[in-house]
Structures are given as C-alpha cells and as structure tokens.
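Chain letters run A, B, ... following the sequence lines, proteins first, then strands; residues in each count from 1. What you see below is based on every heavy atom in this structure, not just the backbone, and it leaves out hydrogens, waters and symmetry mates.
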Amino acid sequence: MSDSPLPLASALHAPVLDWYAGNARTLPWREPDAGPWAVMVSEFMLQQTPVNRVLPAYATWLRRWPKPVDLAAEAPGEAVRAWDRLGYPRRALRLHAAAQAIVAEHGGKVPDSHEALLALPGVGTYTAAAIASFAFGQRHAVVDTNVRRVFARALTGTAQPTISPTAADQRLAVSALPEDEATAARWAVATMELGALVCTARTPRCADCPIRARCAWVLAGSPPYDGPPRRGQTYEGTDRQVRGRLLAVLRAAHGPVAKPSLDACWPDDVQRERALDGLVADGLVEPLDNHRFRLPA
DNA sequence: GACACGTGGCA
DNA sequence: TTGCCAAGTGT
C-alpha cells in the first residue's frame with residue numbers, strides 16, 4: 001500500500017495554530033478550570049448537537065452534577081430529563097452509565113488513558129481521543145466531521161470528506177499530527193475550530209482561511225463535490241419522531257404517566273407501540289403497573 | 001458497512 | 001419552504 005503524494009501537513013501547523021490563537025471561541029469547556037469531567041460532559045453533548053444548543057444544558061448539568069460521583073448517585077431518568085431537548089437521549093443514559101463506571105472502576109476520576117476512556121459507555125474513538133487530548137493534553141488524532149472536512153479539502157483536495165469516517169481519514173490525521181505532545185493537542189482543537197468556523201460544510205469562508213494558499217482543494221480550483229449522493233435523513237413520520245414525542249411527555253411529567261397520555265402523542269397505534277417498546281428496550285422508559293410509565297428510576 | 005438514533009437552525 | 005447539517009456511537 002503506497003501513499004499518494006500529499007501537501008506537507010507540517011506546513012499547515014504554524015498558520016493553523018496562529019489562527020487558533022487569535023480566533024478561538026471562548027467556550028466554557030475550554031476554560032483552564034474546566035477539568036476532565038467538564039470536557040467529557042461537553043463531548044457527550046456535542047455528539048451531533050450544535051454548540052449553541054449545548055451551552056445552556058451544559059451549564060445546568062455541571063452545576064447540578066459537578067463531579068462524576070454526583071451524577072452516578074442519581075437515577076438514570078434524571079439524566080434523561082436534564083438532557084432536555086438536546087436530542088439522541090441515549091447519550092444521557094450512556095453518560096450516566098459512564099459516570100457510574102468511573103466511580104466503580106476509576107475512583108471517581110475520569111481516566112486519562114485512551115484505552116480506559118474507550119471502554120466507557122458512549123465513548124467511541126473520537127470521544128476517547130478528544131478527552132485524552134483536550135483534558136489531558138495528550139497526542140492523539142482527534143477525528144471528527146470538522147477535521148475530516150478540513151483534511152479532505154486542505155490535504156486531499158476534495159470538496160467534502162467521505163460520507164462515513166474511514167481508516168484512511170484516521171491515518172491521514174495521524175500522519176498530520178505534530179510530534180510534540182502539547183503542540184499536537186493544540187493542533188487537534190485548532191483544526192476542529194477551523195472546520196467549525198471557516199472551513200464549513202456548505203459555504204466555506206475561504207477568504208478568512210489561514211491555509212487557503214496551501215489548500216489542495218482551493219489550488220485545484222475548488223471543484224464541486226462529485227461523490228455519491230448523501231443520504232438525507234428524513235425525520236417527519238419516523239419512529240424517531242414518535243420516540244421524541246413520547247419522551248417529551250415523560251420528561252415533562254415528574255412522576256408516572258398513564259398510557260392515555262402517551263397515546264395522545266401519535267395517532268398510529270402500531271407505530272406508537274413500536275416506538276414505546278423501543279424506548280423501554282433502550283432503557284429510556286420504565287414500564288410500571290396499571291399501564292403507567294416513567295423515566296427510569 | 002448500513003442503519004437507527006432527536007432536535008432545531010439556517011440558506 | 002425544505003433539505004442539509006450539527007464535536008458520533010452501537011449494533
């Protein structure tokens with residue numbers, strides 16, 4: 001397997017790091033006093049949810065549960081309730097389970113090794129690398145959708161990254177990593193920030209880009225995306241929408257909810273029952289006697 | 001590897 | 001208005 005010639009990633013280090021120094025957003029999980037737990041909470045919330053919607057929930061969450069042990073002592077349903085409308089509520093359940101694992105297996109402290117992080121519920125390759133890098137300053141390839149897009153353009157020369165993450169993305173990110181640990185950690189957050197603020201998906205602000213003169217995609221004349229069509233994620237009428245409605249009722253009710261209240265959420269009996277069964281199977285809803293339901297205790 | 005999984009803002 | 005997109009993970 002031979003690598004095709006690519007622009008020298010090391011030439012991008014200084015301009016991207018300098019740009020980050022002058023343009024990084026002030027975000028609470030990046031404050032010096034944030035700590036690993038705060039970073040971890042932010043990473044869970046930011047999985048597929050935009051920063052602006054995470055900010056208020058993040059503040060409320062950390063005020064209520066400032067340490068893993070605080071969350072671990074709660075009922076999982078309280079985590080689901082506090083998750084509010086961030087979406088993908090299974091993340092709340094997994095964060096709760098991760099907190100319990102941290103208490104049970106790591107003395108209540110967020111572990112600092114990629115391997116131990118990866119073993120936690122809800123922590124995949126990206127999140128493990130992100131926590132290890134952002135919270136502990138380690139040298140890891142932190143490959144999220146922003147980084148994949150930045151590298152696709154700057155190094156590969158394509159308008160968009162592949163639809164799903166690939167081993168090639170990971171290899172490219174590893175090869176682009178600065179050698180020095182502290183520099184690598186700044187590079188990780190800087191490339192993500194560049195993707196979030198400048199090298200955006202729809203309308204990249206190339207005029208503001210610190211590496212536009214070296215960007216393979218720009219140098220190629222910014223050719224349009226020519227890959228396979230991206231699957232639009234329909235939502236209206238899906239089980240996900242029904243699950244969302246059911247869970248919204250249960251979040252709003254601080255106690256058991258009778259079945260008729262849930263039935264009112266959705267007219268299709270078959271789909272509604274399937275969605276409710278799914279929520280129960282996922283541990284997001286707890287069935288009680290007399291056809292009542294609640295968030296898990 | 002494809003698919004399921006919430007929610008809301010924006011061009 | 002509607003489709004695209006948002007710091008992914010688990011199966």
Stepwise side-chain contact (heavy atoms from CB on, under 4.5 Å) check, A/V143 with A/Y126: CA-CA 6 Å; A/V143 185; A/Y126 160 77; 5.8 Å; no

Check side-chain contact (heavy atoms from CB on, under 4.5 Å) between A/R274 and all other residues, then give those that pass, not counting sequence neighbours. A/D239, A/V270, A/Q271

Quickly, which of A/Y58, A/W37, A/F134 forms a ring-ring contact (aromatic ring centres under 6.0 Å, His included) with A/W29? Name it, please. A/Y58

Closest-nucleotide ordering on DNA chain B, the 5'-leading residue of A/T203 and A/Y235: A/Y235

Treating primed atoms plus P, OP1 and OP2 as sugar-phosphate and everything else as base, which nucleotides of nucleotides 4-11 of chain C get B, S or - for protein heavy atoms under 4.0 Å? BBBBBSS-

Distance-only polar pair, side chains of A/R240 and A/Y88, donor-acceptor under 3.5 Å: yes

Considering only atom P, compute the distance from C/dC4 to B/dC3 and round it to an integer number of Å. 16 Å

Through direct or indirect side-chain contacts below 4.5 angstrom among Ile, Leu, Val, Met, Phe, Trp and Tyr, which residues connect to A/L247? A/V80, A/L93, A/V242, A/L246, A/V249, A/L250, A/V257, A/L262, A/W266, A/L276, A/L279, A/V280, A/L284, A/V285, A/F293, A/L295

Nearest-Å distance once atom P is located in both C/dA7 and B/dC5: 22 Å

Who passes side-chain contact (heavy atoms from CB on, under 4.5 Å) against A/L197, sequence neighbours left out? A/W19, A/R25, A/E193

At 4.0 Å (heavy atoms only), tell me whether A/L86 reaches a base, stays on the sugar-phosphate, or touches nothing. base

Got a sec? Which of residues 255-279 of chain A come in under 4.0 Å of DNA chain B, heavy atoms? none

If we ignore hydrogens and angles and just use 3.5 Å, is the side chain of A/T238 paired with the main-chain N or O of A/T234 as donor and acceptor? no

Spacing of A/E43 atom CD and A/R91 atom CZ [to the nearest 0.5 Å]: 11.5 Å

Which two nucleotides bound the region of DNA chain B that has atoms under 4.0 Å from heavy atoms of chain A, read 5' to 3'? B/dC3 to B/dG9

Kindly determine whether A/R171 and A/V174 satisfy side-chain contact (heavy atoms from CB on, under 4.5 Å), including the steps that lead there. CA-CA 5 Å; A/R171 272 188 275 110; A/V174 169; 5.7 Å; no

Pick the nucleotide of DNA chain B nearest each of A/S164 and A/R251; which residue has the one closer to the 5' end? A/S164

Roughly how many Å apart are C/dT11 and B/dG6, using the P atom of each and rounding to a whole number? 14 Å

Hey, could you give me the CG/CZ distance between A/L172 and A/R148, rounded to the nearest 0.5 Å? 11.0 Å

Can you label the angle between the A/W83 ring and the A/W61 ring as parallel, tilted or perpendicular, going by 30° and 60°? perpendicular

